[in-house]
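In what follows, a single structure is set out as structure tokens and then discussed.
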Protein chains: 2
Amino acid sequence: MNLSIAEENYVKAIYKLQEGDTAVTTNALAYELDTKPASVTDMAKKLKEKQLIDYEKYKGITLTAEGRKTALQIVRRHRLWECFLVDKLAFSWEEVHELAEELEHVRSEKLTNRLSEYLGNPTVDPHGDPIPDAHGRMAKPRPQTSLDQANAKRLVVTAVTDQSVALLAFLNAKGIRLGTQLEIVAHYEYDNSIEIKMKHAPSLTISEQVAKNIMVRPV
Amino acid sequence: MNLSIAEENYVKAIYKLQEGDTAVTTNALAYELDTKPASVTDMAKKLKEKQLIDYEKYKGITLTAEGRKTALQIVRRHRLWECFLVDKLAFSWEEVHELAEELEHVRSEKLTNRLSEYLGNPTVDPHGDPIPDAHGRMAKPRPQTSLDQANAKRLVVTAVTDQSVALLAFLNAKGIRLGTQLEIVAHYEYDNSIEIKMKHAPSLTISEQVAKNIMVRPV
DNA sequence: AAAATTATTTAGACAAATCTAAATAATTTT
DNA sequence: AAAATTATTTAGATTTGTCTAAATAATTTT
């Protein structure tokens, strides 16, 4: 099936928003894609026609098996290009998302597989997200929670869920990246802030807002 | 200026067809882009509006200085990606053109320059075509002629002007690639064929049609 | 130089992807 | 359960890039 770039972006966004088998709403998708609900309705009809999604008026959207397969291919390409940009071209993690958004639309399986091989078949991208293999299989992420939910004291950063340039640059500035080890010093209900401490550095305070997007596991 | 992929393809095609300051005709451009003359007229108006081309009804098309600059950026990206695919991902030269057609539209100067650096700032692509540098400057290709025009006997292949998969695969099969040294054994007017001989191989016969697309210089 | 041919442009249409404004359905509040 | 609010869809318009068919300009042939 030959999809346009717009169609690919919809499929990818639906995949991202669909937790389990909860249907994705028109509004949520419009917000995610920075477009209008009316446009989402239009596209939903097309993608249903192409059997990539299940869609009934007013009932929301879910991917079909075929749609999920397509989504995983796009995600695979996106994350492999991110690895390439960081590992080979020395970009920093907050710069690569936008570039990968463009590169992911080059739909050549041969290119994708060669790129993967060239990079040593990585299983996670620079933000800690798992990379689907050529068959769409993904390593199950190890149990992780967001930093604001963590009970353990000594933690390691495994992923970042919000890939906005702003957040990633902020974390960069604070010295927080994948694999960074840290301890929770205190959690202040008073102003919803968390005090953390990294090795060889003074402790620092971040908001719960930020902590929600930092995934960690006990070390 | 933000150009669409279609606009970029027109600018690139005009650059390719424009020899010296001869204007490019509507028909030639339509043929090159596999579209209709009427569509070319439509797009010509848009590109004139954007000051990328000079265009007067019935008088043909030439690039402005701005248009030439844009074209060179696209050509630079195209040829760098071709180098990447051949040098790093082990594609053969006939496979890379189509992929580079897509990759060339990722318009990030930072990416382009990092890629160039990563490849060792190459000055020619896998087909022997020169790569413009970040300022649009290109190494002047050394004097070369097409194989069917060559007078010298001992020659080296410097470029291939037609990048169709068919021709490149044909040359591959015959063992002809960039840098290949050969001798002209005979040129038969009778059936417009040329007999050539490469080192350590029996002589072989190719048509003038093919020879026209093989660029050579005396060795 | 008139006729025939070829090249180019115009006019009007279409598909894809989007939008706004209005209508309708679903959900929440009172 | 009626009213108010929110979510979604429909209808109709817009932009981009393309097309066909017809009209016009340029060039070539006779």
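Each chain gets a letter, A, B and so on, in the order its sequence line appears, and its residues count up from 1.
As a whole-Å value, the separation of Ile5(B) CD1 from dT18(D) C1' is 16 Å. When the C1' atom of dA16(C) is taken as reference, atom CD of Glu7(A) falls 9 Å away, rounded to whole Å. Atom CG of Asp42(A) and atom P of dA13(D) are 15 Å apart (whole Å). One can place CG of Leu29(B) at 14 Å from C1' of dG17(D), the figure rounded to the nearest angstrom. Across the protein-nucleic acid pair, Glu49(A) atom CD and dA16(C) atom C1' stand 15 Å apart, rounded to whole Å. Here dT16(D) presents its P atom at 16 Å from CD of Glu8(B), a figure rounded to the nearest Å. Following rounding to the nearest Å, Leu33(B) (CG) and dT18(D) (P) show an atom-to-atom distance of 8 Å. With rounding to whole Å, Lys36(B) atom NZ is found 22 Å from dG12(C) atom P.
In this structure, Asn27(B) reaches the dT8(C) phosphate: one of its side-chain N or O atoms is under 4.0 Å from OP1 or OP2. Distances shorter than 4.0 Å separate none of the side-chain N or O atoms of Lys46(B) from OP1 or OP2 on dT16(D). Using a 4.0 Å cut-off, some side-chain N or O of Lys57(A) falls inside it from OP1 or OP2 of dT10(D). Considering only side-chain N and O atoms, Tyr10(A) lies nowhere under 4.0 angstrom from the phosphate OP1 or OP2 of dA16(C). Taking only side-chain nitrogens and oxygens, Tyr31(A) never comes nearer than 4.0 Å to OP1 or OP2 of dA7(D). Contact check, Lys45(A) against dT10(D): a side-chain N or O comes under 4.0 Å of OP1 or OP2.
Distance check: Ser116(A) OG to Arg79(A) CZ gives 13.5 Å after rounding to the nearest 0.5 Å.
Listed nucleotides dT18(D), dT24(C), dT20(C) differ in distance to Met43(B); the shortest reach to its side chain belongs to dT18(D). When the nucleotides dT20(D), dG17(D), dT10(C) are ranked by their closest atom to the side chain of Ser4(B), dG17(D) comes out on top. For Thr25(B), whose side chain is taken as the heavy atoms from C-beta onward, the closest listed nucleotide among dT9(D), dT8(C), dG17(D) is dT8(C). In the set dT18(C), dC19(D), dG17(D), dT18(C) carries the atom at the smallest distance from any side-chain atom of Ser39(A). Closest approach to the Thr35(B) side chain among dT18(D), dA17(C), dT8(C) is made by dT18(D) (side chain taken as heavy atoms from C-beta onward). Taking every side-chain heavy atom of Thr26(A) into account, dT8(D) is the closest of dT8(C), dT8(D), dT18(C). Nearest nucleotide to the Ala6(B) side chain, out of dT8(D), dG17(D), dT9(C): dG17(D).
Counting non-hydrogen atoms of neighbouring residues, nucleotides and ligands closer than 6.0 angstrom, the NZ atom of Lys50(A) exceeds 12 such neighbours.
Where Tyr58(A) and Glu56(B) each meet DNA chain C at their nearest nucleotide, the meeting point lying more 5' is that of Glu56(B). Where Ala38(A) and Pro37(B) meet DNA chain C, the nucleotide closest to each residue was compared, and Pro37(B) sits on the side nearer the 5' end.
Checking each of Thr205(B), Ile184(B), Ile206(B) against Glu195(B) for a side chain to side chain contact (heavy atoms under 4.5 Å, CB included) leaves exactly one that passes, namely Thr205(B).
Across all strands shown, dA21(D) forms a Watson-Crick or G-U wobble pair, both distances under 3.5 Å, with dT10(C). If you check dT16(D) for Watson-Crick or wobble pairing at under 3.5 angstrom, you find it paired to dA15(C). Partner assigned to dT29(D) is dA2(C), using Watson-Crick or G-U wobble distances below 3.5 angstrom.
In this structure, the side chain of Arg114(B) does not engage the main chain of Leu85(A) through any donor-acceptor pair within 3.5 Å.
Seen from the ring of Phe84(B), Lys88(A) does not count as a face-on cation partner, given the 6.0 Å and 45° thresholds. Figure legend: cation-pi geometry between Lys46(B) and Tyr10(B) absent, as NZ or CZ is not positioned both under 6.0 Å from the six-membered ring centre and within 45° of its axis.
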